[in-house]
Colleague: 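Sharing a structure with you now.
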Amino acid sequence: MTPATTSQTPAPGHPAATAVRSGRLRWVLIGAVFLYVGLLILLPFGALVVGALSVGIKGILFAFSDPNLQAAFALTLGVSVITVLVNGIFGLVAAWILARARFPGRNVVNALIDLPFALSPVVAGYLFILIFGRLGPLASIEDSLNISVVFAEPGVIIATVFVTLPLMIREMIPVIAALDREQEHAAATLGARGWQIFRLVTLPAIRWGLLYGIALTFARALGEFGAVLVVGNDIQGSTETAPLYIYRAINNNDFGSAFVVALTLGALSLALVTSVEWLRRRHTVRL
Amino acid sequence: MAAISSQTRLARWARLPSWGNWSLGTVATLYLVLILIIPLGALVQNGLQGGLGVWWQALTQSIVWHALWLTLWTAALASGINAVMGLLTAYVLVRYEFPGKALLNAVVDVPLAIPTLITGVMFLILLGPQAPLGKWLASVLHVQILFATPAIVLVLLFVTFPFVVRAVQPVLEALDREPEAAAATLGASGWTIFRRVTLPALALPLISGTLLSFARSIGEFGAVVLVSGNIPFQTQTAAVYVQGEIESADQLGASAISLLLLAVAFTLTLIVDGIQQRSRHVGGAA
């Protein structure tokens, strides 16, 4: 590496000494970033991998043989699928309207949609206790219909839908806004109807954004903890999702199982997001 | 004739009012009202039930006051550090070529894909009394990190690292290099160019990314609850305190702090959205 040449625009008449110094500075900065990211992100991640694998094959098999864990994973998958369906369909519709319609109060609506990003998940779970809990306005209706939402699966689902609501909408608004309206126009000229235009012209153009939104929503739903803990109260065999299982295992000093499940869930979520991101990048480049 | 009819059809498809768009608009409105606005309204109503005086009284209990202060300073410290390190990371990723750049760029997103509870588990393993690093820190340096405030700041740094990087990076990529070259021609040093020319151009995304980190840190629960130890008056943050109040069915305390957290989150979101829209306009004009 010759430090005298930097990728920066060379300034005419600039003393060579400064260029050498800035070349050295450049490697100091790169080194600092690698050190920070290595210590802050890779080291803890490595600790999880080592911690989970150190329980051995036997420990891993033992962890997964727990029927409570299997039930927790089944619930997590079910909740995540329902969440993706609800936020996928309605989020797409909301993104469509927000990208194309102009109406008063758009800024406030935009901020409201981003709010679940910034709001504490504990508060998110609490919102649904206020509405559906025993002191809430819907308690008598729930009683007469003989259903319960709080401390039951419906509460877990609603809280997860709330927490993941911005992901699909935020992903789709720029994709829809960037759509080539000429193609829709051409399809309309050729006599296509609204639904046909959407299915044959719009959908193929937005499918990678859609897939990425689904992956983000699914990954976030898999790992949701705070809101689900509050609204579901961690009842084993009923509202215990995989993250709640990890939390219970840690509180019971069952660290082996906790680490194994944590690594599984973390790897699943990471693989989902990175593979779709990679797919999307490849296809965007090709287009 | 054909052109006119296709125009009308497109207009029908694209612009309000039309039957299809009205029904889509109704569906979208219902969705947002049922899932966002009614639940948030319920909290506002419940939190202010006893009036502002009761709300303020619940907030100023010493245990609550301490939790709020701890939350505030740990969030401010973490987002401050990540403002600097995120800016540096974005600068290095955009301006320099080096081996491992693609990997670094990918690792930046890792905290976004990892559930925050699992972030907590990671730091629990790394800093625990059985781990080599935890043992070393305790026996050689005599510093308590786990179940103390440094662990809270550490997990917040992990969780919020991507925000400033991803806010600054695209703006820096699109930045016009001419003013920097002009400043260099006039004899400005590298640091002066960065401080006087580059940094002002990055101010808006830097602020919005930092505020986003701050907002996330204020509400963070999953990672914090595992590593903080949750000792009242010492390491209990606001979100963890609220969770305890909910568990013990104390609606008054839970609602008061939840409402404060909601107000802070909403204000910060409004500001961040405003900044993002403004910088989009600036970017569009340039």
Side-chain angles (χ1 to χ4, degrees), chain A residues 7 9 11-12 14 22 26 29-30 32-33 36-37 40-41 43-45 47-48 51 90 93-94 96-97 101 107 110-112 114-115 118-123 126-131 161-162 165 185 188-189 194 197 219 223 225-226 230 243 246-247 250 258-259 262 265-266 269-270 273, chain B residues 6 9-10 13-14 16 20 24-25 27-28 31-32 35-36 39-40 42-43 46 85 88-89 92 95-98 104 107 110-111 113-115 117-118 121-123 125-126 157-158 161 177 181 184-185 190 215-216 219 221-222 226 239 242-243 246 254 258 261-262 265-266 268-270 273:
Chain A
S7 62
T9 322
H14 213 238
S22 79
R26 169 206 339 209
L29 294 182
I30 293 171
V33 168
Y36 186 71
V37 169
L40 184 70
I41 294 170
L43 185 67
F45 194 84
L48 176 63
F90 295 109
V93 173
W96 189 266
I97 296 299
N107 288 350
N110 256 320
L112 276 174
D114 284 332
L115 191 57
L119 187 65
S120 179
V122 173
V123 178
Y126 184 54
L127 297 176
F128 297 99
I129 289 189
L130 286 177
I131 290 187
V161 166
F162 177 92
L165 180 130
H185 191 172
T189 312
I197 298 176
F225 170 63
V230 166
I246 297 171
Y247 188 57
I250 285 177
F259 297 169
L265 202 61
S269 169
L270 192 62
V273 175
Chain B
S6 80
R9 195 171 276 159
L10 183 69
W13 165 236
L16 294 167
L24 285 183
V27 170
Y31 168 64
L32 296 178
I35 295 182
L36 277 179
L40 294 171
L43 175 58
N46 196 279
M85 292 314 293
L88 180 62
T89 307
V92 161
R95 291 291 170 90
Y96 298 151
E97 291 302 325
F98 51 91
L104 179 65
V107 171
V110 165
I114 299 278
L117 178 76
I118 292 171
V121 176
M122 286 178 186
F123 280 90
I125 300 175
L126 185 68
L157 285 176
F158 181 100
F161 178 63
R177 302 289 293 272
T185 315
R216 272 300 297 267
F221 175 71
L226 281 186
V242 171
Q243 193 256 331
I246 297 167
S258 294
L261 292 176
L262 171 64
F266 188 60
L268 289 170
T269 312
L270 268 177
D273 276 8

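Residue numbers start from 1 in every chain, and the chains themselves are labelled A, B, ... in the order their sequence lines are given, proteins ahead of strands.
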Colleague: Hey, could you give me the CG/CG distance between A:Asn110 and B:Leu270, rounded to the nearest 0.5 Å?
Modeller: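 That separation rounds to 10.0 Å.
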Colleague: Taking every heavy-atom pair that is under 4.5 Å apart, which of A:Leu29, A:Val37, A:Leu119, A:Ile41 has the most such pairs with chain B?
Modeller: A:Ile41
Colleague: Quick check on the interface: out of A:Leu265, A:Val230, A:Ile131, A:Val273, who has the most heavy-atom pairs with chain B under 4.5 Å?
Modeller: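 Most heavy-atom pairs under 4.5 Å with chain B: A:Ile131.
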Colleague: Dump the intermediate steps for side-chain contact (heavy atoms from CB on, under 4.5 Å) on A:Tyr36 and B:Leu88, then the final yes or no.
Modeller: CA-CA 11 Å; A:Tyr36 186 71; B:Leu88 180 62; over 6 Å; no
Colleague: Count the heavy-atom pairs under 4.5 Å between each of A:Val122, A:Ile250, A:Val161, A:Leu48 and chain B, then report the option with the highest count.
Modeller: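 Going by pairs under 4.5 Å, I would pick A:Val122.
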Colleague: Answer yes or no: is there a side-chain heavy-atom contact under 4.5 Å between A:Pro243 and B:Pro115?
Modeller: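 No, their side chains stay 4.5 Å or more apart.
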Colleague: Over all heavy atoms of both residues, which pair between A:Arg26 and B:Glu97 is shortest? Give the atoms and the distance, please.
Modeller: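 That would be NH1-O, 3.8 Å.
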Colleague: Report yes if the side chains of A:Leu112 and B:Thr269 come closer than 4.5 Å at any heavy-atom pair, otherwise no.
Modeller: no
Colleague: As an exercise, state the distance from CD1 of B:Ile114 to CG of A:Leu270, rounded to the nearest 0.5 Å.
Modeller: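 It is 4.5 Å, given to the nearest 0.5 Å.
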Colleague: Report yes if some heavy atom in the side chain of B:Ile35 is under 4.5 Å from a heavy atom in the side chain of A:Leu165; otherwise report no.
Modeller: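 They are in side-chain contact.
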Colleague: What's the shortest heavy-atom distance between A:Leu127 and B:Pro39, and which atoms?
Modeller: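 Looks like CD2-O, 3.4 Å.
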Colleague: In Å and rounded to the nearest 0.5 Å, what is the CG to CG distance from B:Asn46 to A:Leu130?
Modeller: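 So the gap between those two atoms works out to 4.5 Å.
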Colleague: Write down the atom of B:Ala28, the atom of A:Ile97, and the distance for their closest heavy-atom approach.
Modeller: CB-CG1, 4.1 Å
Colleague: Select, from A:Tyr126, A:Phe162, A:Phe90, the one with the greatest count of heavy-atom pairs under 4.5 Å involving chain B.
Modeller: A:Tyr126
Colleague: Who passes side chain to side chain donor-acceptor pair (under 3.5 Å) against B:Asp273, sequence neighbours left out?
Modeller: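 So B:Asp273 forms no side chain to side chain donor-acceptor pair (under 3.5 Å) with any residue.
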Colleague: Of all of A:Ala118, A:Ala111, A:Gly223, A:Pro121, which one pairs up most often with chain B through heavy atoms under 4.5 Å apart?
Modeller: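 Looking at each of A:Ala118, A:Ala111, A:Gly223, A:Pro121 in turn, A:Ala111 comes out on top.
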Colleague: Assess whether side-chain contact (heavy atoms from CB on, under 4.5 Å) is satisfied between B:Tyr31 and A:Val93, documenting all intermediate values.
Modeller: CA-CA 9 Å; B:Tyr31 168 64; A:Val93 173; over 6 Å; no
Colleague: Quick check on the interface: out of A:Phe128, A:Tyr247, A:Phe225, A:Phe45, who has the most heavy-atom pairs with chain B under 4.5 Å?
Modeller: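 Looking at each of A:Phe128, A:Tyr247, A:Phe225, A:Phe45 in turn, A:Phe225 comes out on top.
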